[in-house]
Each structure stands twice: as structure tokens, then as C-alpha cells.
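For ligands, and for the atoms within them, numbers begin at 1 and follow the listed sequence. Note: hydrogens, waters and symmetry copies are ignored here, and every other heavy atom, side chains too, is used. Just so we're clear, the structure is a prediction, and the values are computed from it rather than from any experiment.
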Amino acid sequence: MRNQLALIGISIALIVTQTSTSALGQFNYDEAKVPKFELPKLLVSASGKKIATAADWKKVRRPEIFKLFQDEMYGAAPGRPEGMTFKVFESSDKALGGKATRKQVRVQFVKDNEDAWMDILIYTPNKVKGAVPGFLGLNFNGNHSVVNDPAIPVTPRWVRSNGKGVVKNKASEAGRGGNASRWAIDSILDAGYALITVYCGDLDEDYKGNFQNGVQPLFYKKGQTEPSPSQWGTISVWAWGLSRTMDYLETDDDIDHKKIAVMGHSRLGKTALWAGASDERFAIVISNNSGCGGAALSRREFGETVRRINTSFPHWFCGNFKKYNDNVNALPIDQHMLVALIAPRPAYIASAVEDRWADPRGEFLSAKHAEPVYALFEDGATGVGAKKWPGVDKPVSGIMGYHIRTGAHDVTEYDWQQYIHFANRHFGR
Ligand code: GCU
């Protein structure tokens with residue numbers, strides 16, 4: 001009897017973990033319950049023209065798709081502001097025990113507003129002479145959290161949303177190096193790359209219901225108090241910051257700015273993909289566990305859904321994206337099209353086996369369904385390098401790359417090993 005009860009208990013627990021309903025809406029972890037869906041057509045234009053060449057993709061279809069992502073999902077961002085300045089406020093060639101040169105750059109976005117800035121932290125390997133390629137990524141908790149290095153100022157900005165509301169904290173010394181395990185700095189420098197990072201909170205602090213913080217207000221028209229429904233949400237603001245970082249890198253002789261891989265984890269992985277789609281100066285784009293609104297196909301509704309993300313994080317996407325909360329099939333785009341916008345540049349998508357919230361299979365499928373666009377640029381293009389979703393810890397790659405690693409939602413040394421290997425191959429190193 002007791003055994004039977006225990007079995008019933010286990011079965012109930014299993015059902016609960018497969019499908020669950022909460023105040024924020026239902027989510028599903030059961031592959032059998034993924035709805036049947038049809039993806040929007042990549043290679044047919046809005047007017048019904050079949051897109052069969054790279055030239056037509058670039059001229060007709062790519063701009064159409066880009067505009068849909070811009071107006072319906074991430075929101076349009078302005079360009080480079082006039083009067084933006086860069087100032088190296090600290091540097092040392094004796095960083096990290098003499099292994100690296102550290103440079104910290106203050107970017108002031110507009111004249112006469114000293115509060116509107118972001119700080120770029122750069123490490124370049126001392127063993128390499130001349131300009132080096134680099135990995136660029138936004139960080140979650142302040143530049144001081146990336147590396148345990150006392151020369152990095154603790155960020156004065158610090159507001160994080162936990163999805164339920166606002167969590168306010170003040171950053172402190174205690175957070176120094178707190179996220180170092182996510183940045184593999186030794187491996188990056190040893191492989192001859194720079195590590196370049198910026199705190200996402202310098203661009204827009206991550207909480208809902210306030211359109212006065214962050215850089216958006218710098219661009220409001222007279223009387224405007226929040227972005228219009230097709231103007232930038234926070235992810236688009238963060239991506240804009242990556243482009244402004246690239247503006248600086250183009251001026252730095254220590255960096256080979258034509259060889260920058262933009263990388264991001266989770267919400268910042270969504271950001272890396274949108275940055276790579278919006279700014280073709282990024283040579284490689286890497287999405288680590290980016291999930292819903294990143295690499296995962298929205299129509300699968302596996303793990304986090306459009307409704308759920310728009311409810312927990314309404315500030316991440318533009319106002320128009322909310323239209324699709326209850327009708328994801330009406331979205332004129334899906335995330336394979338975002339990956340396709342990166343073509344012909346290499347893109348790498350990574351998942352983690354326990355990160356079901358991010359829908360690992362859906363992340364792989366986006367890369368897979370982007371392949372026809374890569375094939376327009378190169379006859380017989382290798383795509384993602386696998387016909388089927390590969391096994392755990394079995395990275396695959398062609399012009400794109402993919403792996404699903406053991407473990408949870410995170411960035412690990414293993415992930416970085418794959419990214420370095422992939423970048424080496426594409427940069428001919
Ligand atoms: C939440 C959110 C995800 C996001 C993640 C993160 O889990 O639902 O969409 O990717 O936070 O950024 O860590």
C-alpha cells in the first residue's frame with residue numbers, strides 16, 4: 001500500500017513537472033504536447049516572390065524580415081549619437097600578474113550629460129604583438145564582477161529584476177569577481193583573444209515599469225515619456241550599447257575590430273543575436289542558453305512562452321510584441337529568421353541539458369531552419385553541421401555551430417572552449 005502511494009506520488013510529481021499552470025500562464029515541458037505549427041517562410045517575400053539568390057536575399061527579403069523584428073519584437077533603436085566621446089580613464093600593461101593589458105574606457109553618449117555613460121573593460125593578451133581579435137559580451141552585474149581585479153571600479157548602478165518585481169541592491173566589493181566563472185579569461189587570453197565587456201545596467205537597468213532610467217530618455221521627443229510601441233525595449237537598448245562599443249573598438253589599434261565575436265548568455269544571449277542581426281560589423285555571433293526571444297522557436301511553446309516572457313519582463317521587448325501573447329502563430333516571424341539575418345556570418349548556438357526553460361531543441365531548430373539562407377551564399381554550405389539534434393556534449397559545426405552541454409543554465413569553461421575553437425576556425429587561426 002505504502003509503495004503504491006509512493007508510486008502515485010511520483011507520477012503526480014512527474015505530471016506537475018511536465019506541464020504546469022501558474023498565474024503567469026501555462027508552460028509545457030512535454031515534447032508530445034508541442035503544438036503543430038508552420039514556420040513563416042524564409043525565402044518567399046511579402047509580395048510572394050521566391051528568393052533564390054543571395055542578392056535577392058540581401059536586397060528584398062533580409063530588409064523585410066529585419067523590419068518585422070524591429071517593429072514587432074525588439075523595437076527600433078536610434079543610430080550613433082552625435083557628440084559621443086571615448087576616454088581611456090585607466091590602463092595598465094601589468095594586469096593579471098603581467099599576462100594582460102587592461103584598458104578601461106568611458107563612453108559618454110551625448111555632450112553635456114556626464115550621467116549618460118557606459119564603461120568598456122578590455123583585456124588584451126601581452127604575449128601577442130599587434131591587433132588582436134576579441135570576444136565582446138555584456139555582463140549582468142557590473143564590470144567588477146567579471147574579473148577579480150581591484151583596478152575595476154565597483155559599478156554605482158545596480159537594479160535587477162527577478163521577474164516578479166524590482167530587486168534593488170547596491171553593488172559592493174563583495175561582488176568583485178563574483179561572475180568570473182562565466183568568463184574563462186585565462187583561456188581567452190591564452191588563445192590570443194581580447195576580452196571586452198560592458199555592464200548592461202550602464203545602458204538600461206533591468207526592471208519593468210520605468211522608462212526614465214537608461215539611455216532611452218536621451219532620445220525622447222519633446223513631451224515623450226516612454227518608447228512608442230515600435231521603439232526599443234531593453235534588449236534593443238542593450239544591443240545598441242554593443243554597437244556603440246564597436247564604434248569605440250574601431251578606433252582602438254590594439255583590437256582587430258573586423259574579428260569581433262559578440263557573445264551573450266540568456267537575456268544577454270537574446271541581446272547578442274539581435275546585435276548581430278542589427279549590426280553587420282560583428283563577425284561572429286554567439287548565443288549561450290538564450291531561449292525564448294533568443295534562439296528558441298516561439299511557436300514550439302516549450303518552456304518559456306511569449307506570453308510568459310512579456311508578462312515577467314514586459315520591458316525587454318517593444319510594445320507591439322504583446323499583441324502575440326495569445327496568438328504566437330500570428331507573429332510574422334520566428335527565431336530561425338533572426339539567425340538567418342546573421343548569414344553569411346558564422347553563428348553559434350549553445351544549449352544546456354537541464355535548461356528546459358530555454359527549450360534546447362527549439363534553439364537547435366532555429367539554426368537548422370536558418371540553413372537555406374546560408375546555402376544562398378555558398379553552394380553546399382555546411383549549415384550547422386548536423387542533420388539531427390546532436391547528443392549531449394557532442395558539439396557540431398559547419399558555418400554555424402551548436403552544442404548541448406551537460407548541466408544547467410550557465411556559461412562554463414566547456415562552452416568557452418567551443419567558442420574559442422569555432423572562432424579559431426572561422427578566423428583562420
Ligand atoms: C529568466 C527568463 C529568461 C532569461 C533568463 C536570464 O529565466 O525567463 O528568458 O533568459 O531569465 O536572463 O537569465
Side-chain angles (χ1 to χ4, degrees), residues 17 20-29 73-74 137-142 145-146 158-167 169 178-179 181-183 197-201 203-208 233-239 241-242 262-275 285-318 321-322 324-325 328 334-335 338-339 349-364 366 404-405 407-412 415:
T17 54
S20 186
T21 313
S22 78
L24 290 173
Q26 210 188 37
F27 64 89
N28 172 41
Y29 281 154
M73 190 165 178
Y74 300 102
L138 296 177
N139 65 72
F140 276 77
N141 293 328
S145 70
V146 170
W158 185 263
V159 183
R160 280 282 303 281
S161 156
N162 64 356
K164 297 188 186 89
V166 182
V167 177
N169 288 303
N179 291 131
S181 68
R182 288 189 168 175
W183 291 97
T197 187
V198 173
Y199 174 38
C200 66
L203 294 146
D204 196 8
E205 288 167 341
D206 190 1
Y207 67 105
K208 53 187 165 191
T234 295
I235 288 175
S236 189
V237 174
W238 289 335
L242 288 166
V262 64
M263 176 272 178
H265 169 60
S266 207
R267 66 198 68 182
L268 300 177
K270 311 180 206 298
T271 305
L273 287 167
W274 180 232
V285 182
I286 302 168
S287 142
N288 191 88
N289 306 179
S290 62
C292 180
L297 289 176
S298 304
R299 279 169 174 73
R300 278 174 48 78
E301 302 193 85
F302 186 100
E304 189 171 29
T305 59
V306 166
R307 158 172 277 283
R308 177 80 186 224
I309 205 166
N310 275 335
T311 310
S312 309
F313 306 98
H315 56 296
W316 282 358
F317 301 92
C318 71
F321 195 45
K322 320 281 181 297
Y324 305 99
N325 278 355
V328 74
D334 210 319
Q335 299 308 99
L338 182 64
V339 179
I349 315 274
S351 308
V353 106
E354 290 166 26
D355 187 17
R356 294 187 301 169
W357 188 238
D359 185 13
R361 186 194 291 264
E363 293 183 311
F364 172 72
S366 270
I404 174 164
R405 108 178 117 65
H409 186 70
D410 200 359
V411 196
T412 66
D415 295 317

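The closest side-chain heavy-atom distance from Trp274 to Met73 is not below 4.5 Å.
Scanning all heavy atoms of the two residues, the minimum distance from Leu138 to Thr197 falls at C-OG1, 4.0 Å. In this structure, Leu242 and Ala275 approach most closely via the heavy-atom pair CD1-CB, 3.7 Å.
Counting only heavy atoms of the protein, atom 5 (C) of ligand 1 lies nearest to Ser266 OG, 3.0 Å. With respect to atom 12 (O) of ligand 1, the closest heavy atom belonging to the protein is Arg267 NE, 2.6 Å. Closest to atom 7 (O) of ligand 1, if we only count protein heavy atoms, is Trp357 NE1, 3.3 Å.
Between Phe27 and Trp357, the ring-plane angle classifies as perpendicular under the 30° and 60° cut-offs.
Contact annotation for Ile309 and ligand 1: only side-chain heavy atoms (C-beta onward) come within less than 4.0 Å of the ligand. Under 4.0 angstrom from ligand 1, there are no non-hydrogen atoms of Arg308. The part of Lys270 lying near ligand 1 is the side chain, judged by heavy-atom distances below 4.0 Å.
In terms of polar-atom proximity, Glu304 is counted as a contact of ligand 1, with an N or O under 3.5 Å from an N or O of the ligand.
For ligand 1 and His409, the ligand atoms under 4.0 Å from any heavy atom of the residue are 6 (C), 13 (O).
To the nearest 0.5 Å, atoms CD1 (Ile235) and CG (Asp204) are separated by 11.0 Å.
Tyr74 pairs in a ring-ring contact (aromatic ring centres under 6.0 Å, His included) with only one of the listed residues (Phe317, Trp238, Phe321), which is Phe317.
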